[in-house]
Amino acid sequence: MMAFLKLLARNQLALAGLIVMGLVVLLAVLTPILPLADPDVTNTPARFTPPFSEGAILGTDHLGRDLLSRLMWGTRLSLAVGFAAAFIAATIGAAIGIISGYYGGRTDNIIMRFVDVLMAFPYILLALAIVAALGPGLMNALIAVAAVNIPFFARNIRGITVGIAHKEFVDAARLAGLSDAKIILTEILPNVLPVIVIAMSTTVGWMILETAGLSFLGLGSQPPQADLGSMLGEARSALITNPHTSLVPGVMILIIVMAINLLGDGVRDALDPRLKSGALSRPLPATLVARDRQTGETADGTALLELSQLETQFHIGPRIYRAVGGVDLQIQPGECLGLIGESGSGKSVTALSIMGLVASPPGKITGGSVYYRGEELVGAPYELLRSLRGRKVAYIFQDPLATLHPLYTVGDQLIEAVRVHRKVPKAEARAHAIELLKSVRIPNAEDRVDNYPHEMSGGMRQRVGIAMALANDPDVIIADEPTTALDVTVQAQILTLLDDLRRERDVAILFITHDFGVVAQLCDRVAVMYAGRIVEQGTTDEILATPAHPYTRRLMACVPELGGGRRRLEAIPGLPPVVDKLPAGCAFADRCDKVRAACREGNITLDEIGATRRVRCIAPEIEEVPA
Amino acid sequence: MGRYILRRLLSAIPVLIGISVIVFAIMAMIPGDPATAILGSYATPENVAELNRDLGLDQPLVQRYFIWLGNLVQGDLGRSFNLNRPVLDEVLERFNATLILAGTAFILCSFLGIAAGVISAARQYGFADKAITFAVLLGISIPSFFLGMMMILIFAVNLRWFPVSGMWPIYGTRDIWALIDHLTMPALALAVVATGVIARLSRSAMLEVLRQDFIRTARAKGVRERGIIWRHALRAAMVSIIPVLGIQAGFVLSGAVYIERVFQWPGIGQMLVDAILRRDILLVQGGVVFVAACYVLFNIIVDVAQSLLDPRIKT
């Protein structure tokens with residue numbers, strides 16, 4: 001509760017709303033004891049006195065009544081009616097909602113059908129019908145406005161109650177033999193009360209507006225008594241000659257409703273956890289790059305794609321997560337490089353950083369470089385990055401149901417992939433799309449091209465994902481766990497397909513996975529990643545035969561072997577370190593069975609232990625790879 | 001598709017019956033005797049009884065409901081004793097005027113609201129976003145009837161851009177230009193609140209969608225930012241915007257009652273308010289049932305639009 005109030009106070013607009021509303025309520029409460037003129041005393045000779053006159057600061061109305069006094073009394077009345085309507089609607093609506101949600105079954109069904117019908121009316125029609133039946137008058141307008149809003153509360157509160165009615169503590173109370181009435185009052189009500197209060201506070205402005213509206217139409221408060229709405233209604237006939245009589249009550253309604261809205265928004269924001277975590281901020285077209293970043297040097301002029309000292313961080317509130325902490329990788333033309341690691345090791349972030357696809361905020365590239373054929377991509381103009389995306393460097397993502405647009409046919413998505421980079425006629429692009437689907441061996445490609453993603457199986461969808469990556473004959477495909485979400489048999493098919501396509505088209509692949517079996521099948525070289533850094537690198541054969549880093553050895557021990565079964569499967573004890581609190585020295589030290597004091601001191605470098613091997617360990621499993 | 005529409009139409013029948021029951025029940029609560037109200041307090045008891053018999057009011061309530069419903073289905077909403085013409089004729093004529101006003105306002109608020117929301121989301125925390133957010137807050141806080149009055153004051157009285165009120169010029173031709181001239185201000189005033197609500201919702205729906213994986217896929221394909229926003233994100237966001245458009249249509253229809261009063265627009269809201277003040281019960285009853293039924297049908301159109309937009313909805 002305190003935290004909530006603090007959050008609310010930090011939202012300056014909400015605070016302003018609270019203060020304004022507090023002042024208005026205070027003035028309304030104090031109205032009877034303030035030295036004001038009688039609001040109902042007419043003084044026809046002094047009619048339409050302009051504002052700021054002697055004795056009438058806001059002027060007088062068409063009957064010469066003091067506008068300031070009428071405004072204060074009118075505000076008092078409008079607030080009272082609005083709050084009363086909100087209170088009545090909330091109480092009755094909540095009662096209906098709780099009963100409906102708690103008893104469920106037929107009771108629930110009947111009540112909710114009735115609520116549905118009430119909500120099928122445009123609200124004012126119902127209010128007008130009720131006023132028509134009861135006759136014009138402020139009390140009747142109040143009843144009408146309250147009645148019209150009951151369904152809203154009933155439906156909301158019912159939803160909450162249904163969620164609570166089957167919780168353990170309610171079952172426990174029932175087993176303890178408490179009566180339904182007692183359970184509702186002692187178990188359910190305290191839990192839904194905050195929701196009722198919040199719903200009430202956000203609708204009270206609305207209620208004030210609605211009752212004012214009915215009064216404006218002449219169906220609410222009747223003369224001489226006046227609320228803000230009827231003041232405005234009466235002033236309407238003098239709008240053109242004496243606009244101040246309209247302005248005074250109109251501005252007051254505006255102030256009240258705006259203050260309540262500000263406050264309501266503040267309450268909503270303070271309660272929404274997504275706002276705090278930044279989960280509602282929009283990702284920019286390309287990942288942000290720190291201005292003061294240290295660029296990496298290009299070591300290898302022949303590489304197609306080279307990552308040099310790449311660092312990517314997530315800045316969430318005061319925390320900094322170092323997801324990628326200085327990664328070096330080179331990919332040669334036509335080569336398949338595997339990047340392997342547990343979830344959370346930073347391999348996906350590494351892959352997304354290459355083309356600036358890390359969601360930002362909160363992601364940020366804070367150091368290093370990415371070179372495509374010697375051209376720096378980090379910090380490059382957006383248009384250069386965009387023109388390379390999908391054309392030279394293409395991606396395949398993990399879950400093809402989430403990564404394909406659900407509302408466009410796969411054909412449209414393939415056509416788009418072609419047409420963003422090449423201005424070809426639609427028909428030609430469509431023919432190309434069908435070709436692509438055929439090349440990833442989708443049967444009946446001519447028909448399938450018009451399917452929506454949800455009409456396809458997981459394996460078929462991933463083939464579409466691959467087809468999309470191939471659309472512009474890229475040099476490199478970055479495949480981010482493309483088989484993880486699929487069945488094992490489908491996995492094997494997709495891997496074979498990727499392997500064939502790679503050889504046919506001579507495209508390089510950066511293959512991200514957590515599965516050594518996949519690496520063995522597909523990759524020429526492997527880089528093992530742990531806590532945002534490469535810990536070992538070498539050719540696939542070498543690493544599979546003689547893992548040098550203790551982590552690699554342990555990771556391989558996690559892979560089951562088909563037909564084996566004699567070897568014990570070993571999970572690695574412990575969890576990877578949280579990347580906002582990385583320890584000094586080796587990040588794997590806490591889980592390593594060969595740990596020694598020196599492991600926790602200083603930076604451990606990635607050392608060459610052979611022509612193609614590198615390892616980041618002071619006590620590797622093998623000292624030197626025989627030449 | 002045809003079957004889906006048919007199914008939605010069938011499912012509307014219980015709702016329509018529910019509406020008729022509620023309206024009838026509310027009207028039956030009215031204290032006093034309609035016949036006395038019609039004939040005035042000098043009527044003899046015999047006259048009252050006779051009129052009651054003519055109106056069918058001597059029957060039990062349930063029976064009266066079914067008689068009324070039977071007439072309703074045949075398009076007979078009774079006769080307005082005040083206007084001395086069939087309720088249906090008056091309702092249709094008035095509803096036509098309301099439809100022009102509310103329909104225009106609805107189209108305005110849909111386009112303006114969605115555009116504002118999309119731009120606001122695309123420029124999150126930028127100047128355009130802050131300006132739109134502030135305008136939206138103002139828009140949803142200002143009572144439409146007050147806004148309408150201020151518009152008359154500024155644009156009709158001071159600047160003389162538009163006529164002060166009414167639907168048609170008192171003298172002169174009744175062509176489309178005359179209508180637009182009279183329609184602009186009330187339609188704008190009516191659209192403001194709904195525009196604000198739709199803009200807010202569109203903004204948050206867009207922000208939600210922009211974080212989805214398929215947006216990242218589109219970016220990875222090299223789609224330009226304009227395409228990301230308007231083609232990819234908005235299309236997906238429309239799935240949550242369209243139902244709100246349906247709800248807002250109800251609010252626009254409701255707001256029309258105030259706006260018609262401010263601008264002296266001869267619509268059904270004006271008719272209802274006058275009928276209530278004159279205690280012309282049959283006219284109120286007929287008007288309410290008619291508009292509510294139209295709104296139910298409109299919501300079916302919204303559902304169908306939604307199913308056309310989202311292929312995942314089983315039709």
Side-chain angles (χ1 to χ4, degrees), chain A residues 113-114 116-118 120-125 128-133 136 209 212-213 216-219 232 236 239-240 243 246 250 253-254 257-258 261-262 279-283 285 355 357 359 386-387 389-391 394-395 397 399 402-408 416-417 420-421 452 454 468, chain B residues 15 18-19 22-23 26-27 29-30 121 124 137-138 140-143 145-146 149-150 152-153 157 204 207 210-214 216-225 227-228 232 235-236 239 250-251 253-254 257-258 261-262 272-273 276-277 281 284 288 291-292 295-296 309-312:
Chain A
R113 285 296 83 75
F114 189 67
D116 282 346
V117 171
L118 284 179
F121 281 92
Y123 78 88
I124 203 166
L125 279 185
L128 287 180
I130 294 171
V131 173
L209 209 51
F216 173 76
L217 294 174
L219 303 176
L232 200 53
R236 198 175 61 89
L239 171 67
I240 294 166
S246 303
I253 302 179
L254 175 63
V257 177
M258 191 157 184
N261 279 338
L262 280 173
L280 280 184
S281 62
R282 127 194 175 68
M355 292 314 263
L357 288 172
R386 188 198 66 75
S387 75
R389 285 176 180 174
R391 189 167 62 94
Y395 280 85
F397 294 107
D399 175 7
T403 54
L404 292 176
H405 198 295
L407 305 179
Y408 287 108
E416 184 189 38
V420 275
H421 295 298
Y452 287 96
H454 73 276
M468 204 139 79
Chain B
V15 177
I19 284 174
I22 289 173
V23 172
I26 292 174
M27 293 303 154
M29 289 184 334
I30 297 174
Q124 194 191 16
L137 177 71
L138 205 60
I140 60 174
S141 300
I142 196 163
F145 39 93
F146 179 55
M149 288 165 73
M150 291 302 107
I152 290 177
L153 207 54
V157 177
S204 60
L207 288 177
L210 278 167
R211 301 201 64 87
Q212 306 272 324
D213 286 350
F214 59 80
R216 191 184 58 196
T217 310
R219 290 218 166 100
K221 288 201 296 197
V223 177
R224 285 176 182 78
E225 203 50 21
I228 298 279
H232 287 260
R235 177 75 190 261
V239 171
F251 282 93
L253 209 50
S254 297
V257 175
Y258 304 124
R261 167 55 79 84
V262 172
L272 285 173
V273 175
I276 291 170
L277 292 173
I281 298 309
V284 177
V288 169
V291 178
Y295 182 57
V296 169
L309 189 83
D310 190 346
R312 290 168 300 182

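So that the names make sense, note that chain A is the first sequence line, chain B the second, and so on, each numbered from 1. Heavy atoms only: backbone and side chains are in, while hydrogens, waters and symmetry mates are out.
- The shortest heavy-atom contact between B:P143 and A:I253 is CG-CG2, 3.4 Å.
- Of the listed residues (A:A129, A:G218, A:G390, A:P406), the greatest number of heavy-atom pairs within a distance under 4.5 Å of chain B belongs to A:P406.
- Looking at A:F397, the atoms closer than 4.5 Å to chain B (heavy atoms on both sides) all sit in the side chain, from C-beta outward.
- If you measure heavy-atom distances from B:V262 to chain A, the contacts under 4.5 Å come from both the backbone and the side chain.
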- Message: Walk me through whether A:L125 and B:V23 qualify under side-chain contact (heavy atoms from CB on, under 4.5 Å).
- Response: CA-CA 10 Å; A:L125 279 185; B:V23 172; over 6 Å; no
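- Scored by the ring pair (Phe, Tyr, Trp, His ring centres under 6.0 Å) test, B:F145 finds A:F216, B:Y258 as partners (sequence neighbours excluded).
- Heavy atoms closer than 4.5 Å to chain A are found in the backbone of B:A121, but not in its side chain.
- Heavy-atom distances place the side chain of A:H421, and not its backbone, under 4.5 Å from chain B.
- Using a 4.5 Å cut-off between heavy atoms, B:V284 contacts chain A through its side chain alone, with no backbone atom that close.
- Heavy-atom pairs under 4.5 Å with chain A peak, among B:A236, B:G18, B:S254, at B:S254.
- Of all non-hydrogen atoms in A:A120 and B:V296, the two that sit nearest each other are CB-CG2, 4.1 Å.
- Heavy atoms closer than 4.5 Å to chain A are found in both the backbone and the side chain of B:I26.
- Residues B:V15 and A:D116 are not in side-chain contact: their nearest non-hydrogen atoms beyond the backbone lie 4.5 Å or more apart.
- B:H232 places no side-chain N or O within donor-acceptor distance of the main-chain N or O of A:H405, the cut-off being under 3.5 Å.
- For a residue to count as touching a neighbouring chain, one of its non-hydrogen atoms must lie under 4.5 Å from one of that chain's; by this rule A:A394 does not touch chain B.
- Shortest non-hydrogen contact noted between B:G250 and A:P122 is O-CB, 3.8 Å.
- Of the residues considered (A:R391, A:E416, A:M355), A:E416 shows the highest number of contacts with chain B, using heavy-atom pairs under 4.5 Å.
- With a threshold of 4.5 angstrom between heavy atoms, B:V157 approaches chain A through side-chain atoms but not through N, CA, C or O.
- Scanning for ring pair (Phe, Tyr, Trp, His ring centres under 6.0 Å) contacts around A:F114 gives an empty result, with sequence neighbours left out.
- Taking all atoms of both residues into account, the shortest heavy-atom contact from A:S246 to B:M150 is CB-CE, 4.4 Å.
- Using a 4.5 Å cut-off between heavy atoms, B:L210 contacts chain A through both its backbone and its side chain.
- Contact annotation: the side chain of B:I19 approaches that of A:F121 to within less than 4.5 Å [non-hydrogen atoms, C-beta and beyond].
- Closest non-hydrogen pair, A:A402 versus B:D213, comes out as O-CB, 3.4 Å.
- Proximity to chain B involves both the backbone and the side chain of A:P285, based on heavy atoms less than 4.5 angstrom apart.
- Ranked by heavy-atom pairs under 4.5 Å with chain B, the first of A:L407, A:L128, A:L219, A:V257 is A:L407.
- Put simply, CG on B:L138 and CG on A:L254 are 6.0 Å apart, with the number rounded to the nearest 0.5 Å.
- Using a 4.5 Å cut-off between heavy atoms, B:I152 touches chain A through its side chain atoms alone.
- For the set B:E225, B:R219, B:R235, the entry with the most heavy-atom pairs within less than 4.5 Å of chain A is B:R219.
- At a threshold of 4.5 Å between non-hydrogen side-chain atoms, the residues B:R216 and A:T403 count as touching.
- Per-residue counts of heavy-atom pairs under 4.5 Å with chain A were compared for B:V239, B:L253, B:I228, B:L153; the largest is that of B:L153.
- For A:M258, the parts sitting under 4.5 Å from any heavy atom of chain B are the backbone and the side chain alike.
- Looking at every heavy atom in both residues, A:A417 comes nearest to B:K221 through CB-CD, 3.5 Å.
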